[in-house]
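Note that the structure is predicted; figures quoted are calculated from it, not measured. Sequence lines set the chain letters: A, B, ... in the order given, protein chains first and strands last, and positions in each chain run from 1.
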Amino acid sequence: MPLYQSQSLQIYNSLSGKKEPFEPLNEGYVGMYVCGPTVYSNVHLGNCRTFMSFDMIFRYLRHLGYKVRYVRNITDAGHLVDDAEDGEDKIAKKARLEKLEPMEVVQRYTVDFHTILEKFNFLPPSIEPTATGHIIEQIEIIKVILEKGLAYEINGSVYFDVAKFNEHHSYGKLSGRKLEDMIANTRELNAQDEKKSPQDFALWKKAEPQHIMRWPSPWGDGFPGWHLECTAMSTKYLGETFDIHGGGMDLKFPHHECEIAQAEASYGHSPVRYWMHANMLTMNGKKMAKSTGNNILPGEIFTGENSILSKAFAPSVVRFFMMQAHYTSILDLSNDALLASEKGYNRLMEAVDTLGSLETASKSDFDVTVWKQQCYDAMNDDFNTPILIAHLFEAVKHINLIKEGSEGISATDKELLKDTMEAFVFDVLGLERKGDGTDDSNMLSGVVELLIQLRMEARANKDFATSDKIRDQLAALGIQLKDGKEGTTFTVS
RNA sequence: GGCAUCGUGGCCGAGUGGCUAGGCAAGGCUCUGCAAAAGCUUGUACAGCGGUUCGAAUCCGCUCGAUGCCUCCA
């Protein structure tokens with residue numbers, strides 16, 4: 001029996017504003033679409049947080065036994081620098097600035113994106129489609145919307161008619177906006193603007209002669225609007241209605257609102273059952289964004305080459321830091337917070353490592369079965385990873401007590417504890433052991449074990465000058481010795 | 001200006017009517033040749049002001065502050 005049948009997952013649905021029991025469209029199967037990056041520059045840490053949240057969600061759904069089709073797109077066309085009439089495609093702009101073919105820009109930053117995500121131990125999505133690979137599908141959707149009379153063509157561009165759509169649908173229901181408020185608060189319509197109303201958005205944009213990225217269409221050469229690609233690709237791979245649509249909070253309006261409008265206009269019904277939005281990562285209290293310069297690249301964190309943090313941090317530490325906050329909360333990055341997370345992460349990992357070598361007793365002093373369900377309850381409550389981690393630290397405490405001999409654990413419970421810990425730490429949270437089994441670390445541990453032997457002999461002879469010298473000089477190299485009841489172990493910082 | 005969200009102990013962060021997470025840091029104790037590590041333990045926080053209630057950090061109102069969206073952004 002798959003796990004999901006015995007666990008009751010609740011998901012916060014941005015559309016209803018409530019936590020709802022998760023019931024997929026087809027039992028046992030989940031379709032999930034997440035808006036991926038626009039590959040016009042290096043992925044920054046804020047981007048990574050959103051994708052990491054959904055990576056965790058993907059992992060937990062799989063862990064529950066669902067067969068998940070996870071689609072995360074690559075936006076390689078159609079994303080304009082701004083909404084003005086002379087709006088330039090982000091990729092095309094970057095290509096012009098760097099004197100590259102647009103697809104060189106796309107290739108370069110797609111590779112960067114994948115490299116960084118791999119370091120963070122992301123699972124690859126089931127399908128990673130590109131906007132440029134689905135131009136035909138996008139054109140087909142535009143045709144349908146035009147036929148329904150909910151879009152209009154002007155000068156080779158096609159715009160979605162928001163006012164007309166709003167007559168029979170409700171535009172703004174996801175972001176909690178009313179069309180009349182939006183109209184009331186809009187700045188003066190630009191005189192050159194060819195749109196009927198500022199709220200209308202582009203489905204297809206005419207390509208000016210100098211525009212390199214262009215495709216033929218019934219309305220002339222041009223390129224698709226940004227919002228359309230997600231509708232085209234989610235429909236193609238997940239159907240007209242699918243279970244989960246995710247993305248960053250900042251995409252709620254207008255991007256996701258427009259997706260709903262496009263789908264409802266084309267198919268006559270709402271496309272998504274559960275809308276999920278991951279919150280922003282801030283730094284120094286401000287949103288991280290490429291446009292403001294308030295951002296840090298993951299690579300700069302891993303190497304320590306940045307002016308914000310005091311030292312380098314491993315990808316798993318950053319991941320742990322992010323998992324300590326709920327995905328719907330704003331999280332603020334700081335040096336102190338990362339330092340605290342690093343210590344917590346190390347303590348957790350050390351406990352996981354010692355788990356296997358614990359001695360067993362006839363009975364257990366803590367109820368592993370109850371604890372295990374508490375872990376599931378935390379995750380079932382809208383993927384509450386901070387609560388899960390709190391429970392994991394409960395287990396850490398018990399593991400250390402058992403190691404010291406203050407508590408006991410039965411052989412069966414030990415197996416259960418080990419399996420559960422490893423499932424949540426590695427499979428669900430996606431953390432990784434550091435320094436596992438490489439040749440270098442094997443050689444290092446051999447050398448350190450030798451020094452530990454020498455130090456023990458010195459201590460036995462009460463030659464504390466020698467024993468302390470070994471300990472202190474190893475410490476200076478970042479190797480910490482720990483004297484326990486069972487002998488001396490070490491950690492590398 | 002409009003629409004949202006949020007304001008929790010030294011720091012980071014859960015919780016959303018009574019039982020009041022967790023991590024890091026700090027103090028005390030145990031262990032130790034001394035340390036470190038580990039364990040035990042202490043600290044009683046919810047922006048302010050009103051209101052509802054037997055009881056509110058949690059609900060309502062107002063004030064102040066922060067952030068996000070309203071134009072591209074994960």
Watson-Crick or G-U wobble mate for B/rG10, both contacts under 3.5 Å
B/rC24
Is there a Watson-Crick or G-U wobble partner for B/rC3 with both distances under 3.5 Å, and which nucleotide is it?
B/rG68
Salt-bridge present (A/Lys19, A/Asp381; N to O < 4.0 Å)
yes
With a 4.0 Å limit, can you tell me whether A/Thr489 has a side-chain N or O closer than that to the phosphate oxygens OP1/OP2 of B/rA37?
no
For a quick test of reading the model: is some side-chain N or O of A/Asn47 closer than 4.0 Å to OP1 or OP2 of B/rA74?
yes
Would you indicate, yes or no, if B/rG68 has its OP1 or OP2 atom less than 4.0 angstrom from a side-chain nitrogen or oxygen of A/Lys252?
no
At under 4.0 Å between heavy atoms, what does A/His255 touch on the DNA or RNA strands: base, sugar-phosphate, or nothing?
nothing
Below 3.5 Å, does any donor atom in the side chain of A/Arg471 face an acceptor in the base of B/rC34, or the other way round?
yes
Are any of A/Lys343's side-chain N or O atoms less than 4.0 Å away from OP1 or OP2 of B/rA25?
yes
On a whole-Å scale, what distance lies between the C1' atoms belonging to B/rU52 and B/rG61?
11 Å
Check: A/Asp381 side chain, B/rG15 base, donor-acceptor under 3.5 Å:
no
Quick one: which of B/rG22, B/rC70, B/rG39 gets closest to the side chain of A/Lys397?
B/rG39
Pairing nucleotide - B/rG61, Watson-Crick or G-U, each distance under 3.5 Å:
B/rC49
Evaluate whether the aromatic ring of A/Phe51 and the six-membered ring of the B/rA74 base sit under 5.5 Å apart, centre to centre, with an inclination under 30°.
no
Looking at every strand, decide which applies to A/Phe464 at a 4.0 Å heavy-atom threshold: base, sugar-phosphate, or nothing.
base
B/rC12 phosphate, OP1 or OP2: any side-chain N/O from A/Asn335 under 4.0 angstrom?
no
Tell me if the CD atom of A/Glu208 is crowded by more than 12 foreign heavy atoms within 6.0 Å.
yes
So, is A/Lys286 close to the B/rU67 phosphate, meaning a side-chain N or O under 4.0 Å from OP1 or OP2?
yes
Are A/His391 and A/Tyr376 an aromatic pair, judged by ring center distance below 6.0 Å?
no
Under 6.0 Å between ring centres: does that hold for A/Phe165 and A/Phe160?
yes
Take the protein atom NE2 of A/His398 and the nucleotide atom P of B/rA38, then report the distance between them rounded to whole Å.
16 Å
When you compare B/rU42 with B/rC3, how far apart are their P atoms, in angstrom units rounded to a whole number?
48 Å
Which listed nucleotide (B/rA37, B/rG23, B/rA35) is nearest to the side chain of A/Gln324?
B/rG23
In whole Å, measure the gap between the C1' atoms of B/rU30 and B/rA36 for me.
15 Å
Looking at B/rA74, B/rG39, B/rC11, which one has an atom nearest to any side-chain atom of A/Asp336?
B/rC11
Per A/Ala340 side chain, nearest of listed nucleotides B/rA37, B/rG23, B/rA14
B/rG23
Check: A/Phe113 ring centroid to A/Phe122 ring centroid under 6.0 Å:
no
A/His227 versus A/His256, side-chain donor and acceptor atoms under 3.5 Å:
no
side-chain hydrogen bond (donor to acceptor under 3.5 Å, both in side chains) assessment of A/Glu229 paired with A/Asn73:
CA-CA 9 Å; A/Glu229 55 165 296; A/Asn73 70 295; 2.9 Å; yes
I want to check one thing: is the phosphate of B/rG39, taken as OP1 and OP2, less than 4.0 Å away from some side-chain N or O of A/Arg347?
yes
When rounded to the nearest Å, what value does the distance between P atoms of B/rA37 and B/rC49 take?
41 Å
Side chain of A/Asp483, base of B/rA35: donor and acceptor closer than 3.5 Å?
yes
Between B/rG22 and B/rC60, how far is it from one P atom to the other, in whole Å?
28 Å
Comparing A/Cys35 and A/Glu394 on RNA chain B - which has the more 5′ nearest nucleotide:
A/Glu394
Quick note, A/Pro386 side chain, CB onward, closest among B/rG39, B/rG13, B/rC34 is B/rG13
Between B/rG43 and B/rU20, how far apart are the two C1' atoms, rounded to whole Å?
15 Å
Using Watson-Crick or G-U wobble geometry with both distances below 3.5 Å, tell me the partner of B/rG39, or none.
B/rC29
Could you check whether the side chain of A/Arg177 and the base of B/rA4 have a donor-acceptor pair of N or O atoms closer than 3.5 Å, going by distance alone?
no
Whole-angstrom distance between B/rC6 and B/rU63, as gauged at atom C1':
16 Å
Please state the P separation for the pair B/rA21 and B/rA45 - nearest whole angstrom.
13 Å
